[in-house]
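Proteins come first, then strands; the chains are lettered A, B, ... in the order of their sequence lines, and each starts at number 1.
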Amino acid sequence: MNLLEILKLLKENFPQEKFIEDSNNSEAVYVEENNLYSLVKFIKENQALCFDYLIFITAIDYKDYFELVYYFYSYSKNHRLALKVKLPLSNLQIKSISNLYATADWNEREIYDLFGIKFLNHPDLRRILMPEDWEGYPLRKNYTYQNLIIKPD
Amino acid sequence: MIKTEEFLINMGPQHPSTHGVLRLILKLEGEKVIKATPVIGYLHRSLEKMAENRTYHQYIPLTDRLDYVTSMAGNFAYVLAVEKLLDIQIPQRAEFIRVIMLEYNRIASHLLWYGTLALDLGATTPFIYAFREREKILDLFEATCGNRLTYNYYRLGGVSFDLPENFIEYSKKFLKLLKEKMPDYEDLLTSNIIFLGRTKDKGIISSEEALNYGLTGPNLRASGIKWDIRRGEPFSIYPQLDFEIPTGNKGDIWDRYYLRLEEIRQSIKIIEQCLEKLPSGKHKINLPLKVKPKKGEIYSRIESSRGEMGFYIISDGSLKPYRVKIRAPSFSNLSIISKLLEGEKVADIVAILGSLDIILPEIDR
Amino acid sequence: MDQYLAKLILKFFHYKAPFLLLALGTAIITVAFVSLTVLFLIWLERKISAKIQSRMGPMLNGPRFMAQISMWLGGIFQTLWDALKLLLKEQVTPQNADKIVFWSAPVVVFTACLMTYVVIPFGPGLVVKDLNLGLLYILAVSTFSVISILMAGWGSNNKYSLLGGFRSAAQIISYEVPLIFSLLGVMILAGSLKLSEIVLAQGKVWFIIPQFLGFLIYFICSIAELNRPPFDIPEAESELVAGFHTEYSGMGFAMFFLSEFANMFVISALITTLFLGGWLLPFGLKLPSNLSFLGITIPYFNLFGSVLIFLIKTYLVILFFMWVRWTYPRPRPDQLMTFSWKILLPLSFLNLIGTSLGVIIWKI
Amino acid sequence: MKEILFYFLSGIILFSAFLVIRLKNIFHAALCLIITFIAVAGIYLLLNAEFLALVQVLIYSGAIAILIIFAVMLTKISKVKIAHNDQQLTALLITLSLTLITFFILNHTNWEAGVNLLERGAIYEIGRELMLNYLLPFEVISIVLLAALMGAISLTKKESLNEDKKQEK
């Protein structure tokens with residue numbers, strides 16, 4: 001299935017959700033952060049979609065808001081989908097999907113570690129790459145560190 | 001029964017068989033593992049942050065430092081992603097050279113894995129045998145691009161150098177030799193009774209678990225799922241080539257072992273076809289040093305020797321990428337370890353860990 | 001008074017001194033022989049492993065004027081320099097180690113292994129002390145090595161060492177049982193525990209033929225007793241780093257290392273004595289007492305010849321040990337235990353019963 | 001010469017036995033026990049009982065002491081320093097009575113009888129005696145030992161089975 005068909009199916013099941021398509025990425029749609037968990041659950045369990053593989057989760061710092069990207073793939077149907085969630089700076093938290101996909105466990109820990117986004121209901125939310133007593137979140141755009149050298153263009 | 005006390009033991013980060021600087025905190029009851037907690041990040045260099053301060057060309061050498069055993073794959077995945085962003089076509093000869101190098105690197109990586117698994121199980125000879133042949137591949141890389149470990153060979157728009165003069169003859173000779181040596185490798189381990197005892201029905205990953213934990217590459221295929229990005233989502237010239245995707249059925253250590261040996265054979269087959277078909281022409285198109293892709297995002301992935309190596313690149317139209325996310329295969333492959341080790345014996349830890357074929361720099365990034 | 005003292009001293013020199021000198025001499029010869037053998041064995045192991053793995057092994061070593069000679073001889077001085085390096089190294093004692101236990105462990109293991117050389121018959125009459133119970137003596141003395149491994153594991157105050165100690169104790173105790181039982185067959189056939197008598201009992205046929213099962217069991221068990229790969233579970237380097245001797249450095253480590261090889265020589269010599277006819281030639285052939293060759297007569301040829309035969313056989317067994325070592329992966333501890341208790345032990349019982357029945361039938 | 005050796009060995013036995021009781025580190029105590037065993041084997045050697053000496057080393061210091069050390073290592077009691085023992089008085093009484101009994105036996109045994117046996121090699125005679133004169137007691141003892149072994153195994157099995165059941169519940 002291509003993105004249009006997937007979107008059609010999703011819209012039928014989630015009428016209240018808007019599903020704004022991303023102009024930069026032909027595989028991605030924006031969804032509301034509150035609906036994300038139920039959406040992921042739906043696309044995993046739905047027979048027609050059957051997204052059995054979570055490729056990765058990542059975050060992007062757009063300075064005035066954060067964006068979470070969930071990339072899914074289906075082995076049996078051979079299609080991709082990226083779900084994007086915008087998180088305002090005031091509320092950097094979202095429900096964890098680690099009980100749906102075990103991959104999400106470490107991915108979410110990494111995002112927590114490097115971006116400082118909290119995942120609710122995560123079983124073991126600790127820093128994963130940085131030392132436990134590290135201050136700050138290195139992948140944020142405003143992160144500074146005394147030894148960090150910013151190259152001139 | 002004698003009641004034994006629980007025993008906390010720190011395996012790594014400096015331990016001969018954690019394959020790098022992985023640290024496992026093991027809670028033991030006698031020889032049985034109750035809980036294994038992996039601690040990673042000792043090699044964290046923030047490669048994703050570094051990408052934001054470099055131009056697209058400048059970032060290529062850093063992708064070598066991800067998976068240093070298969071650094072061609074890191075190069076390839078990155079270059080492919082940027083080329084898709086730039087929307088350029090590269091010469092056919094370059095495509096062929098890229099695939100040959102990737103497959104050679106896959107063989108080298110699997111040979112290294114074969115040797116270290118045997119070493120973890122206490123057999124030293126297979127290790128030396130595997131390295132003997134791997135050495136020849138490294139010689140080949142050295143002749144081609146001047147480096148033996150971190151190649152920095154791929155360029156946006158092709159590869160940095162054309163193949164050396166007698167590359168084809170040397171390759172053919174080497175592949176013939178490798179095919180002759182493969183039965184030796186099998187003789188040493190495949191049906192050895194001790195090896196079978198250590199690997200059969202140990203560290204079983206069912207196909208559901210493999211999917212759930214997002215395993216990719218040989219670990220996934222050993223669990224019985226026939227999926228290879230080279231076939232499933234073909235990139236480069238793979239659609240023109242004829243090769244099989246081997247699969248295992250149980251997902252135990254032995255399956256993963258045998259599958260990788262089979263993959264070496266398939267890679268030999270691929271290289272042979274590429275050498276046959278290798279077209280003449282340019283090896284590279286010249287791009288300006290300041291490439292500016294238009295605003296957009298791309299997720300592009302290739303099949304590295306460990307699984308899905310992908311780059312998620314966001315361009316804001318400037319000289320440098322806005323954000324680069326590296327999807328490294330070992331990161332997901334390792335995340336299953338604490339589940340696998342639960343209830344196993346201490347001696348099996350190294351066998352199971354070794355069979356997953358992890359590489360730490362790409363996990364820590 | 002002076003006269004009395006002089007008499008006493010004279011008496012001492014007359015009766016006791018030769019005895020003491022002889023004892024001292026044999027002791028020195030034994031220690032020298034053990035050290036030289038071990039140095040040679042370590043070099044041999046490195047060379048053999050290199051040959052098996054298509055490498056060169058030690059080649060060029062030592063100061064410049066010796067390096068060339070060393071190269072011609074295949075790097076034979078390698079172990080000498082290694083030993084020298086270990087001798088000169090700092091002895092590191094871990095902070096919370098049990099110091100007395102920690103440093104007495106290597107001494108115990110080396111002493112135990114030197115003691116076993118006492119009863120090995122290298123030729124007819126060429127034995128330091130031909131005990132009546134020579135075989136039992138070796139079995140008894142070799143148990144000290146377990147104690148020393150446990151001492152090392154405990155004394156290091158390192159968890160890996162402690163695990164290594166556990167494993168080794170479990171392994172050696174469980175392999176001692178089939179080992180002793182497999183030797184009972186030889187004892188029955190020879191009717192003696194004196195090693196020289198066991199050798200002489202093999203005049204017609206070596207015991208490896210009637211006792212082939214016993215030989216196999218003994219060989220496998222002795223690999224486990226020696227802690228050599230594939231049964232090197234106490235020191236499994238990929239799991240326990242180096243097991244019980246993780247924390248040792250310098251001479252302490254060297255003692256463990258040397259005694260491992262010294263023990264290998266003893267076990268191989270024992271296999272030669274018990275199963276391969278010791279210093280005897282096959283098919284009841286006998287060495288001439290003097291050999292005349294091109295007009296030169298070598299006196300006591302049978303003595304030298306016997307030692308030579310004995311050493312050749314022993315080194316063949318050692319080569320076999322090395323061959324096994326560099327070929328196989330290592331089994332898991334529990335598989336090792338299962339193998340000992342469920343396969344080797346019943347087989348050794350079977351061997352014992354079979355041998356006894358055979359002897360009874362033969363006599364009738 | 002023999003007397004000097006005898007007193008030397010006896011001194012070692014007594015001293016190390018004392019240490020076994022008094023040492024606070026239980027692992028050291030176990031090591032001292034091994035020294036005691038070996039010294040006793042030395043006494044046997046002095047008495048020309050080679051077989052007994054070797055069996056002493058093989059079984060007591062080789063097997064039993066190692067099992068003790070093994071148990072010590074597994075239970076890790078070494079950290080706990082035992083300052084005193086409530087049963088010291090009882091132990092003293094029992095030891096005294098045992099000593100008295102030993103003295104009594106030593107005084108009333110006819111030591112002449114055993115001397116000749118050793119001439120043809122101790123192990124030969126021991127074997128003969130065990131297999132001809134004392135066959136029945138020998139077999140009975142082995143059966144008792146076997147029963148004890150099996151009993152021990154079945155007891156531990158039962159315990160672990162019960163525990164498994166508990167865990168299941």
Side-chain H-bond candidate by donor/acceptor type, B/Asp64 with B/Asn75, under 3.5 Å:
yes
Answer with yes or no after comparing the ring centroid distance for [X] and [Y] against a 6.0 Å cut-off, counting only values under it.
{"X": "A/Tyr75", "Y": "A/Tyr73", "result": "yes"}
{"X": "A/Trp106", "Y": "A/Tyr112", "result": "no"}
{"X": "B/Tyr312", "Y": "A/Tyr71", "result": "yes"}

Identify which part of [X] has an atom lying under 4.5 Å from any heavy atom of chain A, answering side chain, backbone, both or neither.
{"X": "B/Glu208", "result": "neither"}
{"X": "B/Glu308", "result": "side chain"}
{"X": "B/Glu209", "result": "neither"}
{"X": "B/Ile336", "result": "neither"}
{"X": "B/Lys295", "result": "both"}
{"X": "B/Leu220", "result": "side chain"}

Under a 4.0 Å threshold between the charged nitrogen and the carboxylate oxygen, would A/Lys84 count as salt-bridged to A/Glu67?
yes
Of A/Arg80, A/Arg126, A/Arg127, the largest count of non-hydrogen pairs under 4.5 angstrom with chain B goes to A/Arg80
